[in-house]
Amino acid sequence: MLVATVSLPVPLRRGFDYRVAADLAARLRRGCRVRVPFGGRSLVGIVVQAPREAPGAVAELRDIEALLDEEPLIPAELLGLCEWAADYYLHPLGEVLGAAMPGGLRRGEPARVARAECYALTAAGRAALDTLADSRRAQRSLLQALVAGPRARAALDASAAVLRRALDAGWIEPSVAAPSLPRVVAPTPTPEQAAALAQLATDDAGFAVHLLEGVTGSGKTELYLRRIEAALASGRQALLLAPEISLTPQLEARLRERFGDGVHRYHSTLTDKARAQVWLAARDGSARVVIGTRSAVWLPFARLGVIVVDEEHDTSYKQQDGFRYSARDVAILRAKRLDIPVLLGSATPSLESLHNARSGRYRHITLRRRVHAAPPPRVRVLDVRGLPLDHGLSPPLLQAIERHLGDGGQALLFLNRRGYAPVLLCHACGWRAPCTRCDAHLTLHRGRNLLICHHCGAQQPPPRHCPSCGSTGLLAVGAGTERIEQALANRFAQYRVARFDSDRITSHAALERQLADIRAGRAQILVGTQILAKGHDFPGLSLVGIVSADQALYGSDFRAVERMGQLVTQVAGRAGRAGQPGEVWLQTHEPEHPLLQTLARHGYGALCEALLAERRDTGLPPYSHLALLRAESREPTLALRFLQQVRTRVPAGEVTVFEPVPSIMERRGGFARAQLLLQSASRAALHRALAGVVPQIEAWPQARRLRWSVDVDPYDLM
DNA sequence: AGCACGCCGACT
DNA sequence: GTCGGCGTGCTC
């Protein structure tokens, strides 16, 4: 009898064997999708072991219902990568494969490549461009995009409805060929770029990791493009990973002007159908360049020739729930398996990457010069102890803002906290509005007039009286972006304030509108969160204020200072215009803190030196490897007790197994959470320990009474 | 994760 | 007398 092994989208770390009819056996290859009966339902799985003669008694097996692909949908290379990742992250292969496929294909829809649609401008369309009202922005930009010639549907940034309307109006028509020729000639590299290119080219053949460290504006993107160009020239494809492409349209625009319509984007806000088309285009080789977020690292490229990871330090590369992989790390491993180069780019590389560069595992290339030669900003630590704070802003900072605005500059205030105030406090009795499901306070949002929990999303209208003592003296304590925005709007009434946070920026269009206001000088003050640290250029910006640098300094997370250094440096990199150095002010209650001083006086590189020394002394990554076993349950103490039992089963050896502890915020979303930390200088030993204990836990009946998960190389220990 | 099977409370 | 609560057990 013939038997094939199938991987299924269930949280079980093993494959399932099915009986195969003789006539099906030859067509059933590794990587094909099949429909199989499983328990009481029917599931789509991937064949991981082709049919073979079963050795012993196999009476209990069920039959495969249907073969869904004549050609394996998952190419051998991708399947191998998924198997590696399932093993490395101790995650069920079926769920890893699920992460590697867009929804439709995962559910068993046929892998049909839609006819590559192209559109061309008609004479009527050309005429319409002159007469069309400005308000019809979507139509205008569609027609504008076609002026130079026909374009592929995928390259047009137009919704189905917009396209339909233009077709109906007779402005555009389906066309046969789309040009995929570069529209822009590559600029001549600066001497520094040329030197970097020479360095990159020396080991053009085969696997190598290059860490490209360069401040904002130093021309990293041009090096990415050259590297991609080289891959395309040898008939290969290129993958560019970026943290959030909806927030950084410039990068995609640069790719497109250089590589034309062979550029595709892949990210989670595309529809399943659109994702499937890009996925299949990567697979058949017609997508020459893909720019994508985290999940794009799993695309089934036919001939991948290079991977670029932009902003390699960015935390969004690490998936924070379910299958907790790092797209940067998977990219490096994939490149190694394919024997192709990887380029990691950042103005503020992670300590891991710097460490690897230093130890010789990565080649380190540094770009020091800004192409448009604005000198680096000057950073000052502002001691706010004892100063009267106006909604979190000190008089010296307010004066600096006034000065810069008066000189025609723009000011940016950075604060990593949304909302109006993080705490609503009763001045009479000390009651503070709590979240009922988390160990946290509710954040007051004035705009929506709601108290919102930033950890579980719970919301409620703010009370008028204190629920505890009835007093009406409720105070908003602390400052978020809404409050800073309002304080600045009141104080500088003659200027306009633009707020950038996820409450205000809910769409690409909203972001573009506000960015346009800033660039055109219609708004002069920017207030916002992380969003402002991500690659936007503000040519008129002369002052950056970090509202508080303190949180990271007494944070309990070992990466907090590294992250602050990256954030401050990234935000600071936005300052400086027309040859004038920008100014960066850091408000703090701990002005003497050595790490803060190091950052302010000597910059990010020096901060990393200090942090690396600290990590070495404490044996933290990158000088050791970590894994976290997390557990959560509704019953308050169950998770912790469970992990205590797990601990006794971790095989001893070169691995330190800490006492399980309640998570920093123990109660979240109604669950009590706990974690067990494993640490080892040896990656192999850590993996052996996990591989020893995880299957045991899975087979454990009591493990079914709570939620548990493994996090290899955890990003934070929360 | 589903989805079954399996024993105890308020309803047509 | 039944519908259904979700505990626990299994899925080739």
Side-chain angles (χ1 to χ4, degrees), chain A residues 1-22 24-25 27-69 74 79 82-83 85-86 89-108 272 295 319-325 629-639 641-642 645-646 669-673 694-711:
Chain A
M1 185 177 64
L2 291 166
V3 171
T5 307
V6 176
S7 179
L8 294 167
V10 291
L12 302 169
R13 288 167 179 78
R14 62 174 190 275
F16 294 88
D17 292 338
Y18 286 86
R19 195 159 49 183
V20 180
L24 196 61
R27 293 154 58 209
L28 207 70
R29 286 179 281 157
R30 210 170 113 81
C32 288
R33 288 177 301 168
V34 287
R35 186 170 282 287
V36 293
F38 189 74
R41 58 213 164 115
S42 164
L43 296 178
V44 174
I46 303 291
V47 176
V48 290
Q49 265 191 71
R52 64 223 176 261
E53 201 58 48
V58 280
E60 311 294 315
L61 298 190
R62 298 171 79 176
D63 285 309
I64 287 187
E65 271 167 32
L67 169 64
L68 303 181
D69 305 303
I74 312 287
L79 185 50
C82 289
E83 285 170 331
Y89 289 108
L90 280 299
H91 199 80
L93 176 61
E95 292 193 345
V96 175
L97 287 163
M101 282 187 270
L105 296 175
R106 194 164 54 227
R107 286 187 298 272
D272 272 357
S295 59
Q319 181 142 305
Q320 293 288 16
D321 56 279
F323 173 29
R324 295 171 174 261
Y325 66 96
L629 276 156
R630 303 169 196 273
E632 53 181 48
S633 85
R634 291 196 186 277
E635 203 185 307
T637 61
L638 185 63
R641 283 184 284 132
F642 168 76
Q645 289 184 297
V646 169
F671 283 86
R673 310 178 305 148
V694 168
Q696 283 187 61
I697 301 174
E698 197 170 9
W700 225 6
Q702 48 193 306
R704 295 194 48 86
R705 299 186 38 226
L706 43 68
R707 295 193 205 159
W708 63 278
S709 65
V710 190
D711 191 350

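Naming convention: chains lettered A, B, ... in sequence-line order (proteins, then strands); numbering from 1 in each chain. In this text the structure is predicted, and so the values were computed from the model without any measurement. Because only heavy atoms are used, hydrogens play no part in the values below, and waters and symmetry mates are left out as well, while side chains stay in.
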*Could you list the residues that satisfy ring pair (Phe, Tyr, Trp, His ring centres under 6.0 Å) with A:Tyr89, not counting sequence neighbours?*
A:Phe323
*Can you check each nucleotide of nucleotides 4-11 of chain C against protein heavy atoms at under 4.0 Å and return B for base, S for sugar-phosphate only, - for none, in 5' to 3' order?*
----SBBB
*Under 4.0 Å from any heavy atom of chain A: name the first and the last nucleotide of DNA chain B that qualifies, 5' to 3'.*
B:dA1 to B:dC3
For [X], what residues pass the side-chain contact (heavy atoms from CB on, under 4.5 Å) criterion, not counting sequence neighbours?
{"X": "A:Gln696", "value": "A:Arg649"}
{"X": "A:Ala672", "value": "none"}
{"X": "A:Ala50", "value": "none"}
{"X": "A:Ala703", "value": "A:Phe642, A:Ile697, A:Trp700, A:Trp708"}

Side-chain donor/acceptor pairs under 3.5 Å, residues 37-46 of chain A, sequence neighbours excluded:
from, atom 1, to, atom 2, distance (Å)
A:Ser42, OG, A:Arg35, NH1, 3.1
A:Ser42, OG, A:Glu65, OE1, 3.2

*asked:* Give me each pair satisfying salt bridge (Lys or Arg N to Asp or Glu O under 4.0 Å) with a member in residues 696-711 of chain A, each pair once, sequence neighbours excluded.
replied: A:Arg13-A:Glu698, A:Lys318-A:Asp711, A:Arg324-A:Asp711, A:Arg630-A:Asp711, A:Glu632-A:Arg707
